[in-house]
Amino acid sequence: EPEPEPEPEPEPLDMDVGAWLASHGAARYEAAFREEEVATLKDVTVVIAAQSDLAELEVSEEDAAVLWPSVARAAARVKQGQQGSEAKAD
């Protein structure tokens with residue numbers, strides 16, 4: 001039986017939005033995100049609550065389908081962090 005795919009390494013919540021978009025082949029949307037005052041992946045989780053929200057930033061359906069799983073994983077981590085303490089030293 002094949003091994004299940006390992007979970008991808010979580011992207012840092014403080015990752016620059018431009019770098020995050022570029023890592024998903026979607027760098028062309030950076031200006032639209034920055035207009036919404038989105039600077040980091042954590043900010044993305046505040047502005048984008050559903051895959052359909054990506055369309056409001058002129059993200060194509062195809063690109064939204066690629067970006068959304070990453071947003072959803074990051075949002076889940078933000079939620080977990082809010083339940084616990086986020087004051088861990090790096």
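Not measured: the values here are computed from a predicted model.
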Side-chain heavy atoms of [X] within contact of [Y], under 4.5 Å:
{"X": "Val71", "Y": "Trp20", "result": "yes"}
{"X": "Val38", "Y": "Val46", "result": "no"}
{"X": "Val59", "Y": "Phe33", "result": "yes"}

Spatial distance of atom CG (Leu54) from atom CG (Asp63) [nearest 0.5 Å]:
9.5 Å
Quick one: closest heavy-atom pair of [X] and [Y], and the distance?
{"X": "Asp43", "Y": "Glu37", "answer": "OD2-O, 4.0 Å"}
{"X": "Leu57", "Y": "Ala32", "answer": "O-CB, 3.7 Å"}
{"X": "His24", "Y": "Ser70", "answer": "NE2-OG, 3.6 Å"}
{"X": "Ile48", "Y": "Asp53", "answer": "C-OD2, 3.7 Å"}
{"X": "Pro12", "Y": "Leu41", "answer": "O-CD2, 3.7 Å"}

Quick check: is [Y] connected to [X] through a chain of hydrophobic side chains (ILVMFWY, heavy atoms under 4.5 Å apart)?
{"X": "Val47", "Y": "Leu13", "result": "no"}
{"X": "Leu67", "Y": "Met15", "result": "yes"}
{"X": "Val17", "Y": "Trp68", "result": "yes"}

Without swapping roles, check the side chain of Arg77 against the backbone of Glu11 for a donor-acceptor pair under 3.5 Å.
yes
Taking only Lys NZ, Arg NE, NH1 and NH2, and the carboxylate oxygens of Asp or Glu, determine whether Arg34 and Asp16 approach each other closer than 4.0 Å.
yes
